[in-house]
Amino acid sequence: VKITAKVPAHLRKLYEAAHQARLRSYSPYSGKKVGAAIETSSGTIYFGCNVENATYGATCCAERTAIQTAVAHEGRFVLRRVLVLTDHPSPWLPCGICRQVLTEFAPKRGKVPVYALNLKGVCLETSLQELLPTPFDRTQL
Ligand code: THU
């Protein structure tokens, strides 16, 4: 994991998208606002926020909301980059379920960077391959 202290210029658009989405986070239970933005191979950016639920377990993370939005717009797509934004001192990387769901759209997961940022600009960079080296995939079905 690579760490930098300010939002790199090449992440500006993804950051802005995640930032806008984060403001709309529906998180009355945890109070944790999360925004995510993904870029597809078409060059389009889709975003999402966490959407919580009174049953807790029905909560959807920001990353999965962004993936669902991308599918609604593009159908099958290839994932190029992922950015997650919180206001935590140490930025949040995607949870296990989201790693699996992101990987579904990443035929080359080693080539998909994942950036975790906070509002101060602290930025962690890793890859889907590092986050989920052994996903469950279609070849096992
Ligand atoms: N959450 C995300 O949206 N993304 C993550 O990567 C981790 C957790 C949300 C789920 C829940 O609404 C809140 O953050 C606390 O877990």
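Both ligands and their constituent atoms are indexed starting at 1 by order of listing.
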Check: W92 N/O within less than 3.5 Å of ligand 1 N/O
no
Short N/O distance, under 3.5 Å, between A62 and ligand 1?
yes
Out of curiosity, does [Y] fall in the hydrophobic cluster containing [X] (side-chain heavy atoms, cut-off under 4.5 Å, transitive links)?
X: L83; Y: L131; result: no
X: I97; Y: L93; result: yes
X: V114; Y: W92; result: yes

Residue pair L85, Y15: steps toward the side-chain contact (heavy atoms from CB on, under 4.5 Å) verdict:
CA-CA 8 Å; L85 179 65; Y15 181 90; 3.5 Å; yes
Against heavy atoms of [X], which atoms of ligand 1 measure under 4.0 Å?
X: L93; result: 6 (O)
X: P94; result: 6 (O)
X: V34; result: 1 (N), 2 (C), 3 (O), 4 (N), 9 (C), 14 (O)

Going by an N to O cut-off under 4.0 Å, is there a salt bridge joining E63 and R99?
no
With E16, the side chain to side chain donor-acceptor pair (under 3.5 Å) member among R12, H19, Q20
R12
Tell me the protein heavy atom at minimum distance from [atom], and give that distance in Å.
atom: atom 13 (C) of ligand 1; result: E52 OE2, 3.5 Å
atom: atom 1 (N) of ligand 1; result: C61 SG, 3.7 Å
atom: atom 6 (O) of ligand 1; result: E63 OE2, 2.6 Å
atom: atom 9 (C) of ligand 1; result: N50 ND2, 3.6 Å

At a 4.0 Å cut-off, with the gap strictly under it, does some heavy atom of V51 reach an atom of ligand 1?
no
Check for me whether S30 has a heavy atom closer than 4.0 Å to any atom of ligand 1.
yes
With backbone taken as N, CA, C and O and side chain as the heavy atoms from C-beta onward, which portion of C95 lies under 4.0 Å from ligand 1: side chain, backbone, both, or neither?
backbone
Which of parallel (below 30°), tilted (30 to 60°) and perpendicular (above 60°) describes Y26 and Y29?
perpendicular
Taking atom OG of S41 and atom CZ of F105, what is their separation to the nearest 0.5 Å?
12.0 Å
